[in-house]
Every structure is written in structure tokens, then in C-alpha cells.
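Taking it in order: structure first as C-alpha cells, then the write-up.
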Amino acid sequence: MSALIIDTDAGVDDALALMLALAHPEAEVVGVTAVGGNVPLAHVVPNVFEVLHVMGAEGVPVFPGAREPLLPGERVHATEFHGEDGLGDYPNRRARVRPEPEPAAVAVARLARERPGELTLVALGPLTNLALALRLEPELPRLLRRLVVMGGAHTARGNTPRWAAEFNFYYDPEAAQMVAQAFPEITLVTWETTLAHPISWEEHARLAALDTPRARFFAAITRRTLGFLEAHGAPGLLIPDPLAMVAALDPGAVTAEARHRLWVETCGEHSRGQSLLDYGRSGLEPNARVVTGFDRARVLERFRQALAG
């Protein structure tokens with residue numbers, strides 16, 4: 001049984017990752033923490049509740065977290081990709097939105113202390129909540145069983161106005177750097193790995209055609225994203241956060257990885273937010289397992305299982 005805390009900025013791919021976790025028969029989602037990123041926090045929290053409603057998991061507690069990065073400054077939401085609401089401009093909302101009063105960072109620290117060595121934290125958005133939790137509980141890296149992060153660009157092929165930076169690290173570089181330096185081991189799923197493992201248009205069509213409420217939700221929330229990706233020549237639906245969730249739920253689906261020491265650049269006209277990997281020059285122990293390969297069949301099977309219910 002995998003016990004998970006999922007930290008999310010609840011865009012479309014976050015929603016799909018949540019669905020994979022909630023459908024997994026051996027996963028226990030003990031809490032979802034919300035952070036501003038893909039869209040403002042005011043949209044993130046309702047989006048999480050909509051996914052919980054679709055999946056029949058309304059009992060999972062949701063903890064609102066950081067609205068802004070640690071430091072003021074440049075930031076851009078990703079509404080072109082995710083829609084103005086972050087959920088593909090999804091019109092059929094039915095969920096009751098009842099977040100917990102406890103802030104996300106406080107909840108992460110508390111849950112880790114209550115269940116030491118048991119919890120995997122899957123971070124799907126900017127790392128602001130996790131950085132704040134580290135300030136509240138410096139022993140957090142020891143208390144968590146595992147940390148899986150969707151973030152970074154291991155060959156500096158970014159997707160933001162800072163050319164070398166991936167979105168989650170770009171949005172709050174200081175938080176990403178704090179987390180990178182605090183944890184002795186991070187499983188990292190990067191933007192380049194995302195680009196190498198899309199769901200093809202044909203595979204997406206087959207999944208969307210499954211005659212279930214979950215599949216209809218999947219089709220509805222990905223429709224806008226598909227239009228954006230097709231217009232930009234993508235080979236299929238990009239699934240960064242679901243890949244990170246698969247790495248957390250099914251480590252056997254990872255077919256290739258490399259170990260490096262990780263830093264996150266906090267300065268630079270083009271490099272602020274860039275993930276920097278050491279290839280043995282620092283003399284420091286590696287702290288990142290950079291995932292570069294997935295078993296595509298196992299990833300697709302996770303989607304089929306999640307959408308068939």
C-alpha cells in the first residue's frame with residue numbers, strides 16, 4: 001500500500017494524475033495540498049474537488065496552500081494550456097468545495113510527523129508548499145518515505161519565458177532550490193522526459209471513447225489542451241504529472257534513470273529556474289534520480305484502469 005500526499009496546482013495533467021492515484025487499488029491518498037501555479041489558487045481548490053467528485057473520493061481532505069511564490073516577481077500562469085479555469089474550461093461542475101482550515105504546509109508537516117517513514121509526497125506544481133513545510137519541520141526529508149517531483153529540464157530545454165527553465169521550477173525557483181538542497185533523494189520527472197512520452201492522438205481517442213463517466217470527464221477536460229498541442233505540432237497529449245504519478249505508484253514502469261546532484265538556479269536572465277545537474281565534478285553525493293524512460297504500455301494501462309471505473 002502506498003500512502004500519498006499529493007501537492008498540486010490542479011491543471012489538466014494534475015487532474016489526470018489525481019485520477020491515476022485515486023483509482024489505484026494499492027494507493028491511499030491521505031491528503032491533497034493545493035498551490036498556486038498553473039492557475040491561481042482560487043481555481044486550484046475547486047478543481048481538486050471536481051476530480052475527487054468524479055472519482056467518488058469526496059472524503060479526501062484538501063488543504064489550501066501558498067497563493068504566491070516565496071519571493072515577489074515575474075510569474076505567468078499556464079491558462080493557454082490548461083484553460084482559464086485550469087480544467088480545460090470544464091462547464092459541468094457538481095462538486096461541493098469544502099477545504100480544510102489547516103494550511104497546506106502545516107498539514108504536510110503534521111501528517112509526516114504522525115506517520116513517519118510511511119508517506120510519499122508527490123509534488124506536481126511549484127514547490128512553495130513544500131519549502132514552507134521544510135521551515136516548519138526541518139526533519140521532513142527524514143520523515144517522508146519518498147519525494148517524487150514533476151519539475152526541471154535536465155537538458156535545459158525549458159517551456160517558459162526563461163528559456164532553460166521548466167514551469168514548476170520557473171514559478172518559484174527559491175522554493176525548488178530549498179527542496180533540492182534539503183532532500184537526500186528526489187525522484188525527478190522532467191520536461192524532456194514528458195516530451196519523450198506523450199499519449200498519441202490515437203491512444204487518446206481510444207481512452208476518451210470508453211463509455212464511463214470518468215472517460216467522459218477525461219475527454220472533456222483534455223479537449224482544449226489537445227487543440228493547443230495540435231496547433232503547436234505536438235505528437236500527442238503531454239502528460240508530465242501523470243508520469244510523475246506513475247513513477248510514484250509503479251516504480252517498475254520506470255525503464256531508465258540517472259543519478260545526479262541537483263541544484264536550481266535562482267539568478268540569470270535566461271536561466272533563473274534552470275535545473276543544474278552535476279556529472280561528478282562537485283564531489284557531492286547524488287540527490288536526484290532523474291527519470292528518463294517509462295514503459296509506455298504500463299503507463300497506458302494505468303490510464304485504462306483509472307478510466308474504466
message: Between Arg110 and Glu102, does the salt bridge (charged side-chain N to carboxylate O under 4.0 Å, His left out) criterion hold? Intermediate values first, please.
response: CA-CA 10 Å; Arg110 173 181 59 79; Glu102 186 177 26; 2.8 Å; yes
task: Please step through salt bridge (charged side-chain N to carboxylate O under 4.0 Å, His left out) for the pair Glu185 and Arg259, ending with a clear verdict.
output: CA-CA 9 Å; Glu185 183 167 287; Arg259 294 177 57 82; 3.1 Å; yes
- request: Check whether more than 12 heavy atoms from other residues, nucleotides or ligands sit under 6.0 Å from atom CZ of Arg67, and answer yes or no.
  value: no
More than 12 heavy atoms from other groups under 6.0 Å of CZ on Arg145: no
message: As a test of understanding, state which of Asp14, Val48, Asn47, Asn129 forms a side chain to side chain contact (heavy atoms under 4.5 Å, CB included) with Asp9.
response: Asp14
Contact summary for Ala219 and Ala208, nearest pair of heavy atoms: CB-CB, 3.7 Å
- prompt: Is Arg298 atom CZ crowded by more than 12 heavy atoms from other residues, nucleotides or ligands, each under 6.0 Å away?
  reply: yes
statement: dist Met245:CE -> Asp13:CG (nearest 0.5 Å) comes out at 10.5 Å
field: Distance-only donor-acceptor check, side chains His43 and Asp85, under 3.5 Å
entry: no
- prompt: Does a sphere of radius 6.0 Å around CZ in Arg135 hold more than 12 heavy atoms from other residues, nucleotides or ligands, not counting ones at 6.0 Å or beyond?
  reply: no
Heavy-atom neighbours of Asn92 CG exceed 12 at 6.0 Å: yes
- prompt: To the nearest 0.5 Å, how far apart are CZ in Phe228 and CG in Leu237?
  reply: 12.5 Å
task: Could you walk me through whether His260 and Asp278 pass the side-chain contact (heavy atoms from CB on, under 4.5 Å) test, one step at a time?
output: CA-CA 6 Å; His260 297 279; Asp278 174 37; 5.6 Å; no
task: Determine the minimum heavy-atom distance between Arg115 and Ala3, stating which atoms define it.
output: NH2-CB, 3.7 Å
message: As a quick check of understanding, evaluate salt bridge (charged side-chain N to carboxylate O under 4.0 Å, His left out) for Arg113 and Glu137, giving each step before the final call.
response: CA-CA 9 Å; Arg113 286 191 293 261; Glu137 179 48 86; 3.0 Å; yes
message: Please find the pair of heavy atoms, one from Pro126 and one from Gly37, that lie closest to each other, and give the distance.
response: CG-CA, 3.9 Å
- line: From the list Val264, Val179, Leu127, Thr266, side chain to side chain contact (heavy atoms under 4.5 Å, CB included) partner of Glu174 resolves to Thr266
message: With a 6.0 Å cut-off on the ring centroids, do Phe49 and His53 count as close?
response: no
message: Less than 3.5 Å apart, any donor N or O on the side chain of Thr225 or Thr222 sitting next to an acceptor on the other?
response: no
